[in-house]
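Being a predicted model, the structure only gives us computed values, none of them experimental. The chain is numbered in sequence order, starting from 1.
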Amino acid sequence: MMGLYQRLDKALLLAVALAVLPVVSACSQPQTDPNKKTIPTNSDQWQKKLGTTFEQLPKADQQVLSRYMLRMKLSGAYESGAMPRTTIKQALIQQREYERLHPNNPTGKKSPIVKGQQAATANAQNYPIALLPVKTSDDDSLNQVKLQFMLSNHGQVAIQSFKGTLIMQDAKLTKGKRFNVPSTQFDPPIQPEQSGKIIIESSIEDINVMRAIKNTKDMTIMISEGVLTLEDGQTVEFDESLMK
């Protein structure tokens, strides 16, 4: 009888061991780190290959990774095969650095490009410029004058810098007066619906020009040619020939 009990005890222990074994094995399996997952170079495979991994990420990382993928999609980098294999961790680091440098354009979305006269007119309306009155003497035939122009930003992105040529037109002048503006950095950048100063020095010999810059009532200033660099890295180009 004792032998029977011993055999039953051994059978029971074996059954319990077999039942527990899968649980122990499952617990001992290491969890895959989603940050080490490589992003497929074929963007069409992103949803299929990364769906489960994406759900394992914290919500904040999911949002950053989504913006990274959209930025890469818009740039066409993966379609062109220009992107090397990148892990999710590397992508998150790259995207956060990109957003630090381009806070107003985290996905690298480009503004619609409009060609020709329509673009030139839109640029003139979005970035008007005016001259502040200057105190000068009519008796001076040659003046080294400090001119201050106010550049307004009616666009959607802050203006980082400008370089180009301004043209001043006035009823008193038979032809426009041009002013060359060297590369000017705005610190801080000119935010949307704000204005910033462009200051240059110019030698003016024409007495009519001197009179005009003292009274800016009938004067118009426009950017005849040049480039505005926006805070997100985009550029706005001006070409006087397109306005005609």
Checklist entry - Could you walk me through whether Gln90 and Ile39 pass the side-chain contact (heavy atoms from CB on, under 4.5 Å) check? => result CA-CA 10 Å; Gln90 291 170 332; Ile39 299 174; over 6 Å; no
Next on the checklist: Side chains of Ile221 and Met168, heavy atoms from C-beta outward: is any pair under 4.5 Å?
Outcome noted: yes
Next on the checklist: Test side-chain contact (heavy atoms from CB on, under 4.5 Å) on Arg100 and Glu97; report intermediate values, then the result.
Outcome noted: CA-CA 5 Å; Arg100 184 184 70 81; Glu97 176 62 13; 2.7 Å; yes
Item to check | Minimum heavy-atom distance Ser195-Met150, with the two atoms named | outcome: CB-CE, 3.7 Å
Checklist entry - Do the non-hydrogen side-chain atoms of Phe238 and Leu228 ever get within less than 4.5 Å of each other? => result yes
Item to check | Non-hydrogen side-chain atoms of Asn126 and Val236 separated by less than 4.5 Å | outcome: no
Checklist entry - What distance do Lys37 atom NZ and Thr52 atom OG1 have between them, rounded to the nearest 0.5 Å? => result 8.5 Å
Item to check | Member of Val209, Asn180, Leu147 meeting the side chain to side chain contact (heavy atoms under 4.5 Å, CB included) criterion with Ser202 | outcome: Leu147
Item to check | Test item: Met69 and Leu50 side chains (from C-beta on) under 4.5 Å apart, heavy atoms | outcome: yes
Taking distance alone, no hydrogens or angles, what donor-acceptor pairs closer than 3.5 Å link side-chain atoms of residues 60-67 to residues at least two apart or in another chain?
unit_1, atom_1, unit_2, atom_2, d
Asp61, OD1, Arg96, NH2, 2.6
Gln62, NE2, Phe54, O, 3.2
Gln62, NE2, Leu57, O, 2.9
Ser66, OG, Gln62, O, 2.8
Arg67, NE, Glu99, OE2, 2.6
Arg67, NH2, Glu99, OE1, 3.2
Arg67, NH2, Glu99, OE2, 3.4

Item to check | Heavy-atom closest contact (Gln169 atom, Gly176 atom, distance) | outcome: CG-CA, 4.4 Å
Next on the checklist: Do Met222 and Ile167 make a side-chain contact, defined as non-hydrogen atoms from C-beta onward lying under 4.5 Å apart?
Outcome noted: yes
Checklist entry - Does a donor on one side chain and an acceptor on the other come within less than 3.5 Å for Gln234 and Asp232? => result yes
Next on the checklist: Would you compute the distance between atom OG of Ser161 and atom CD1 of Ile198 and round it to the nearest 0.5 angstrom?
Outcome noted: 10.0 Å
Checklist entry - Step by step, would you call Asn153 with Tyr127 a side-chain contact (heavy atoms from CB on, under 4.5 Å)? => result CA-CA 5 Å; Asn153 183 6; Tyr127 308 104; 3.3 Å; yes
Item to check | Closest heavy-atom pair and its distance - Pro106, Gln95 | outcome: O-NE2, 2.8 Å
Checklist entry - Judged by atom type as modelled, is there a donor-acceptor pair below 3.5 Å linking the side chain of Thr184 to the main-chain atoms of Pro182? => result yes
Checklist entry - How far apart are the C-alpha atoms of Leu166 and Ile200, what are their side-chain angles, what is the distance that settles it, and do they pass the side-chain contact (heavy atoms from CB on, under 4.5 Å) test? => result CA-CA 11 Å; Leu166 308 179; Ile200 64 172; 5.7 Å; no
Checklist entry - Among Thr86, Thr87, Leu92, which residue meets the side chain to side chain contact (heavy atoms under 4.5 Å, CB included) test with Lys89? => result Thr87
Next on the checklist: For the backbone of Ser224 and the side chain of Thr165, can you confirm whether one donor and one acceptor N or O come within less than 3.5 Å of each other?
Outcome noted: no
Item to check | Side chain to side chain, Ile159 and Leu230, heavy atoms closer than 4.5 Å | outcome: yes
Next on the checklist: Can a side-chain donor-acceptor contact be found between Glu231 and His102 if the only test is distance below 3.5 angstrom?
Outcome noted: no
Checklist entry - Roughly how far apart are Thr229 OG1 and Phe186 CZ, rounded to 0.5 Å? => result 10.0 Å
Checklist entry - Any side-chain heavy-atom pair from Gln156 and Pro192 closer than 4.5 angstrom? => result no
Item to check | Gap between atom CD1 of Ile88 and atom CD1 of Ile93 - 0.5 Å precision | outcome: 12.5 Å
Checklist entry - Are any non-hydrogen side-chain atoms of Phe149 and Val181 less than 4.5 angstrom apart? => result no
